[in-house]
Amino acid sequence: MLNGSTIRLVGLCLLLATPEAARAEPAQDRIALMLSGSDCSSVLETVTVALQQHNGVLHVDPTMMPDHLLVDMARQEHAEDRLTATANAAIAGSQCRAEVMKSCITAELSPSHPNHP
């Protein structure tokens with residue numbers, strides 16, 4: 001007969017072996033917005049505040065990469081388009097423009113990548 005510890009261990013192993021647990025995706029995305037133009041340093045705080053007030057945004061880091069804003073947000077469809085629109089609305093009238101930077105930070109794994117499910 002199995003004791004309680006053995007039953008709990010077997011249950012834990014079965015839980016961890018389920019495909020859903022193995023394929024769980026992170027609940028947030030990191031989006032890098034690249035700022036370009038001569039006025040970007042003067043509007044950095046304005047655009048950071050506007051992005052922080054955007055629905056779903058968890059954190060905005062304006063210091064990690066020069067001329068970029070790293071935005072952590074809850075996973076949502078079309079988030080990049082909405083963030084870019086919010087940023088550009090906040091800096092309208094200045095010589096600065098925000099656009100999504102595709103890189104190793106934001107790019108999806110290709111289907112041929114060995115770690116891709």
Side-chain angles (χ1 to χ4, degrees):
M1 185 166 184
L2 298 174
N3 65 26
S5 297
T6 303
I7 292 172
R8 284 191 289 275
L9 181 60
V10 169
L12 179 61
C13 289
L14 289 173
L15 176 66
L16 294 176
T18 61
E20 290 80 19
R23 283 187 267 135
E25 294 185 19
Q28 69 184 38
D29 287 325
R30 171 163 282 177
I31 298 170
L33 292 179
M34 181 173 59
L35 301 176
S36 57
S38 59
D39 289 345
C40 291
S41 60
S42 65
V43 296
L44 185 61
E45 185 175 339
T46 301
V47 71
T48 299
V49 169
L51 289 170
Q52 288 171 333
Q53 295 172 354
H54 186 80
N55 187 30
V57 170
L58 304 171
H59 179 73
V60 178
D61 187 335
T63 60
M64 186 177 282
M65 293 175 57
D67 302 319
H68 292 77
L69 294 167
L70 299 182
V71 183
D72 294 332
M73 65 181 304
R75 180 156 290 196
Q76 299 176 4
E77 284 189 41
H78 309 294
E80 292 176 347
D81 296 338
R82 290 194 306 263
L83 282 179
T84 304
T86 298
N88 283 315
I91 57 181
S94 70
Q95 294 295 316
C96 185
R97 178 101 179 117
E99 60 186 317
V100 173
M101 183 182 91
K102 293 287 186 182
S103 70
C104 60
I105 295 172
T106 57
E108 295 288 328
L109 290 176
S110 68
S112 62
H113 192 279
N115 292 332
H116 193 272

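In this chain, numbering begins with 1 at the start of the sequence shown. Atom set for the values below is all heavy atoms of this structure, side chains included, hydrogens, waters and symmetry mates excluded.
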- Give the intermediate values and the outcome of side-chain contact (heavy atoms from CB on, under 4.5 Å) for residues L51 and L33. CA-CA 11 Å; L51 289 170; L33 292 179; 3.9 Å; yes
- Message: Can you list everything that forms a side-chain hydrogen bond (donor to acceptor under 3.5 Å, both in side chains) with T63? Sequence neighbours excluded, please.
- Response: D61
- Item | Non-neighbouring partners of D67 that pass side chain to side chain contact (heavy atoms under 4.5 Å, CB included), sequence neighbours left out | none
- Got a second to check how far D29's CG is from M73's CE, nearest 0.5 Å? 8.0 Å
- Item | Name of the residue among R30, H59, M101 meeting side-chain contact (heavy atoms from CB on, under 4.5 Å) with L70 | R30
I'd like a table of donor-acceptor pairs (distance under 3.5 Å, sequence neighbours excluded) in which one partner is a side-chain atom from residues 82-97, with atom names and distances.
unit_1: R82; atom_1: NH1; unit_2: E77; atom_2: O; d: 2.9
unit_1: R82; atom_1: NH2; unit_2: Q76; atom_2: OE1; d: 2.5
unit_1: R82; atom_1: NH2; unit_2: E77; atom_2: O; d: 3.3
unit_1: T84; atom_1: OG1; unit_2: E80; atom_2: O; d: 2.8
unit_1: T86; atom_1: OG1; unit_2: H54; atom_2: ND1; d: 3.1
unit_1: T86; atom_1: OG1; unit_2: R82; atom_2: O; d: 3.0
unit_1: N88; atom_1: OD1; unit_2: R97; atom_2: NH1; d: 3.3
unit_1: N88; atom_1: OD1; unit_2: A98; atom_2: N; d: 2.8
unit_1: N88; atom_1: ND2; unit_2: T84; atom_2: O; d: 3.2
unit_1: N88; atom_1: ND2; unit_2: A98; atom_2: O; d: 3.0
unit_1: S94; atom_1: OG; unit_2: I91; atom_2: O; d: 2.7

- Heavy-atom closest pair (V60 atom, Q52 atom, distance to 0.1 Å) is CG2-CG, 3.7 Å
- Message: Quick one, L44 and L69 - any side-chain contact, counting heavy atoms below 4.5 Å?
- Response: yes
- Message: So, using side chain to side chain contact (heavy atoms under 4.5 Å, CB included) as the criterion, who are the partners of E99 when residues are at least two apart?
- Response: M34, S36
